[in-house]
Amino acid sequence: MSAPQNSPHTTDQWGERLTRRLGLWSAVAVLVGSTIGSGIFRTPAEVAGLVPDVPLFFAAWVAGGLIVLCGALTYAELAAAFPKSGGVYVFIREAFGPLPAFLFGWAELWLIRPGAFGAIGITASAYTLRTFGLDPAATALAVGPFDIRAEQLLGAAYILLVAAVNYYGIHRGAVLQNLSTAFKVAALAALVVLGFTLGTATSGAGEGILAQRAPVGLSPILLAMVSILWAYDGWADLAFVGGEVRDPQRTLPRALVLGTAIVVVLYLAANLVYLYLIPMTALTHAELVAADVAKLVIGPAGVVAVSAAIAVSTFGTLNGSMMTAPRIFFAMAEDGNFPRAIARVDPRTSAPTGAIVLMAVVGALTVLVRTFGELASQFIIGIWPFYALAIAAVYVLRRRRPEMERPYRTWGYPVVPALFLLGALLLLGNYLVSETRAFVIDVGLILVGIPAYYLWRRLA
């Protein structure tokens with residue numbers, strides 16, 4: 001039975017004030033649309049540069065898919081047990097208490113979400129400009145000694161646009177998300193189908209594809225996993241809007257697993273067609289590999305088509321991030337860990353407008369002052385410790401609260417969560433060794449949240 005449709009001033013049976021409007025396919029669209037952005041169009045070249053061995057290259061993408069599937073299977077149990085706004089924040093709070101949960105929100109505010117909004121917004125704007133033959137790096141505005149590039153200015157405008165759409169209710173954001181997700185899935189599927197049916201196989205086709213071997217060490221493989229998991233990221237975002245999903249104890253587990261599986265299948269199929277049409281030696285230099293594939297299949301117009309597809313795809317990802325991220329800060333404000341203004345809910349649209357305005361301002365300002373590389377690099381190290389902590393919450397809650405209602409129980413428990421935690425440990429450990437300075441700075445910024453938490457609690 002679905003939960004009652006609560007008003008902004010009342011709570012439903014799970015204590016949620018936001019209205020439950022998202023059905024199964026809208027929930028799947030949130031997950032798929034938040035995940036498929038520019039990563040699958042660009043990341044394969046970075047991975048090939050680190051892992052120029054075809055069997056290991058493909059195995060790395062399979063491993064990344066298995067890791068996020070393990071995460072989705074585990075989060076499904078938590079989301080069904082706690083179908084509330086906030087997702088990871090709620091899971092960590094229930095298992096480990098308010099301080100670790102606050103640190104997640106602190107990291108989201110200063111590291112994770114600015115990095116995500118900025119990197120996605122710049123990518124969406126850059127490919128929009130490229131589609132129309134304009135230079136993304138051209139100076140669009142000079143503010144004192146600072147030059148703001150065209151891609152930064154349009155990226156900030158895109159962030160404000162998706163914020164405005166979601167300000168008037170998640171149902172409007174869901175319509176935009178459903179349309180953009182349908183487009184990007186169709187575009188990626190068309191690229192795969194046309195590549196195999198109309199494209200001419202590289203000389204390495206057949207058994208020769210697997211014969212493209214090269215020596216690869218463990219560290220480059222683990223570094224490649226950072227890029228792969230960046231491309232897969234978004235699988236956990238659905239849980240952030242758990243408080244707005246209808247019949248959540250049935251819908252959330254289904255949408256998490258189904259949406260993640262769709263993304264994994266599409267990504268593996270895309271990489272297969274890349275390898276089918278482009279030799280590994282060329283793939284390492286194909287920064288926009290999807291454009292190269294499209295050019296081989298349909299000619300020069302393919303480059304423009306792919307640029308437009310990436311622009312729409314990343315714009316949809318930006319909208320998905322704006323649908324999900326404000327719910328983290330809304331949940332924190334509901335707990336008293338953020339100013340009460342952030343918990344404001346519009347009585348007409350049931351949108352958490354205070355949190356949406358916060359994200360619009362943070363995202364737009366960040367994209368104006370930082371570059372794509374700076375924004376993207378801070379994301380993985382910021383989010384993955386908390387992904388792992390939320391997965392570990394399953395073990396803690398199974399032990400501490402065995403009587404708790406669990407409409408869905410993790411398939412493959414305890415092995416499946418353990419596999420995710422192993423992947424997270426290898427990823428973060430290698431990042432610590434290879435990017436020590438960035439790791440220490442980001443972790444240090446997260447730990448600054450400890451005195452900030454106690455100061456806030458004292459002043460609140």
Side-chain angles (χ1 to χ4, degrees), residues 1-3 6 11-35 67-96 101 104-105 108 170 174 177 232-263 320-321 323-328 330-332 334-335 383 386-398 401 404-413 416-417 420-421:
M1 178 180 292
S2 298
N6 45 304
T11 60
D12 64 12
Q13 66 195 79
W14 297 286
E16 182 60 54
R17 284 200 297 139
L18 302 182
T19 302
R20 297 187 181 275
R21 287 175 166 168
L22 299 179
L24 174 62
W25 291 108
S26 289
V28 169
V30 169
L31 190 154
V32 174
S34 297
T35 304
I67 289 172
V68 297
L69 278 172
C70 288
L73 286 165
T74 308
Y75 273 24
E77 175 174 325
L78 296 165
F82 305 107
K84 299 185 63 177
S85 298
V88 173
Y89 170 81
V90 175
F91 307 157
I92 294 174
R93 182 194 66 198
E94 294 295 327
F96 301 104
F104 169 68
E108 278 280 348
I170 197 170
Q177 192 69 2
Y232 276 119
D233 195 82
W235 60 272
D237 283 12
L238 174 61
F240 295 141
V241 293
E244 292 160 278
V245 173
R246 294 197 303 266
D247 192 11
Q249 295 185 320
R250 285 168 51 86
T251 301
L252 283 168
R254 291 178 179 181
L256 276 163
V257 176
L258 178 59
T260 304
I262 289 171
V263 171
S321 194
M323 287 178 71
T324 56
R327 276 67 184 173
I328 301 167
F330 168 80
M332 292 180 69
E334 289 272 271
D335 284 349
I383 192 70
F386 295 103
Y387 279 166
L389 199 60
I391 292 293
V394 171
Y395 295 108
V396 173
L397 292 169
R398 287 272 189 110
R401 299 167 65 176
M404 185 177 71
E405 181 186 4
R406 291 176 171 84
Y408 169 85
R409 299 176 76 88
T410 300
W411 179 86
Y413 179 91
V416 163
F420 183 93
L421 291 175

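Starting from 1, each residue takes its place in the sequence as its number.
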Asks: Could you grab the distance from atom CG of Leu258 to atom CG of Leu31, nearest 0.5 Å is fine?
Replies: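 Result: 9.0 Å between the selected atoms.
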Asks: If you measure from CG on Leu397 to CD on Glu94, what distance do you get to the nearest 0.5 Å?
Replies: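 Leu397 atom CG to Glu94 atom CD measures 7.0 Å (nearest 0.5 Å).
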Asks: Identify the heavy atoms of Val88 and Phe240 that sit nearest to each other, and give their distance.
Replies: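 Shortest heavy-atom separation between Val88 and Phe240 comes out as N-CE2, 3.7 Å.
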Asks: What's the spacing between Leu69 CG and Phe420 CZ if we round to 0.5 Å?
Replies: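 If we round to the nearest 0.5 Å, Leu69:CG and Phe420:CZ are 11.0 Å apart.
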Asks: Report the C-alpha separation of Phe82 and Trp14 in whole Å, then their side-chain angles, then the decisive distance to 0.1 Å, and conclude whether the ring-ring contact (aromatic ring centres under 6.0 Å, His included) test is met.
Replies: CA-CA 8 Å; Phe82 305 107; Trp14 297 286; over 10 Å; no
Asks: Do Glu16 and Ser85 pair up side chain to side chain, a donor and an acceptor below 3.5 Å, judged on atom types alone?
Replies: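 The criterion, which ignores hydrogens and geometry beyond distance, is satisfied for Ser85 and Glu16.
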Asks: Do you know the tightest heavy-atom contact between Ser321 and Ser34?
Replies: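 For Ser321 and Ser34, the tightest heavy-atom pair comes out as N-OG, 4.3 Å.
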Asks: Grab the two heavy atoms, one from Thr251 and one from Leu24, that are nearest each other, plus how far apart they are.
Replies: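 That would be CG2-CA, 3.6 Å.
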Asks: Taking the inter-plane angle between the rings of Tyr413 and Tyr395 on a 0 to 90° scale, is it parallel (under 30°), tilted (30 to 60°) or perpendicular (over 60°)?
Replies: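 The rings of Tyr413 and Tyr395 sit tilted, inter-plane angle from 30° to 60°.
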Asks: Of all heavy-atom pairs between Gly320 and Gln177, which one has the smallest distance, and what is that distance?
Replies: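 Reported closest heavy-atom pair: N-OE1, 3.3 Å.
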Asks: Would you give the length of the straight line joining atom SG of Cys70 to atom OH of Tyr75, rounded to the nearest 0.5 angstrom?
Replies: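 Rounded to the nearest 0.5 Å, the SG-OH separation comes to 12.5 Å.
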Asks: Rounded to the nearest 0.5 Å, what separation is found between the CG atom of Leu238 and the CG atom of Leu22?
Replies: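 Going from CG on Leu238 over to CG on Leu22, the span is 8.0 Å.
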Asks: Measure the shortest side-chain to side-chain distance between Met323 and Glu244 over non-hydrogen atoms and say whether it is less than 4.5 angstrom.
Replies: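 No, their side chains stay 4.5 Å or more apart.
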Asks: May I ask you to test the Val28-Ile262 pair for a side-chain heavy-atom distance under 4.5 Å?
Replies: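 Yes. Closest side-chain heavy atoms under 4.5 Å.
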Asks: Got Leu421 and Tyr387 here, is their nearest side-chain heavy-atom distance under 4.5 Å?
Replies: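 When only atoms from C-beta onward are counted, Tyr387 and Leu421 do not touch, as no gap falls below 4.5 Å.
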Asks: Taking only residues two or more places apart in sequence, or in another chain, which ones meet Arg409 in a side chain to side chain contact (heavy atoms under 4.5 Å, CB included)?
Replies: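 Expected list: Glu77, Arg398, Arg406.
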Asks: Can you name the residues that form a side chain to side chain contact (heavy atoms under 4.5 Å, CB included) with Thr74, not counting sequence neighbours?
Replies: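 Listed in chain order: Ile391, Val394, Thr410, Val416, Pro417.
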Asks: For Phe104, which residues count as a ring-ring contact (aromatic ring centres under 6.0 Å, His included) partner, sequence neighbours excluded?
Replies: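 Here the qualifying residues are Phe386.
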Asks: So Val30 and Val245, do their side chains get closer than 4.5 Å, heavy atoms only?
Replies: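 A side-chain contact is absent here, since even the closest heavy-atom pair is not under 4.5 Å.
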Asks: Where is the tightest heavy-atom contact between Ala81 and Met404, given as atom of each residue plus distance?
Replies: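 Looks like CB-CE, 4.0 Å.
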Asks: Go through the steps to decide whether Val90 and Arg93 satisfy the test side chain to side chain contact (heavy atoms under 4.5 Å, CB included), and finish with yes or no.
Replies: CA-CA 5 Å; Val90 175; Arg93 182 194 66 198; 3.7 Å; yes
Asks: Any side-chain heavy atom of Leu389 sitting closer than 4.5 Å to one from Phe96?
Replies: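 The answer is yes, as the side chains (C-beta and beyond) meet within the 4.5 Å cut-off.
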Asks: Less than 4.5 Å apart, any side-chain heavy atom of Tyr408 and any of Leu73?
Replies: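 Touching, per the 4.5 Å side-chain cut-off.
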Asks: What's the shortest heavy-atom distance between Leu256 and Ala79, and which atoms?
Replies: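 Answer, listing the atom of Leu256 first, then Ala79: CD1-CB, 4.0 Å.
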Asks: State, yes or no, whether a side-chain contact exists between Arg327 and Tyr89 at a heavy-atom distance under 4.5 Å.
Replies: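 A side-chain contact under 4.5 Å is absent here.
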Asks: Tell me, do Lys84 and Pro248 make a side-chain contact under 4.5 Å, heavy atoms counted?
Replies: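 When only atoms from C-beta onward are counted, Pro248 and Lys84 do not touch, as no gap falls below 4.5 Å.
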Asks: Check whether any side-chain N or O of Arg246 sits under 3.5 Å from a backbone N or O of Arg20 as a donor-acceptor pair, and report yes or no.
Replies: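 Checked: no pair found.
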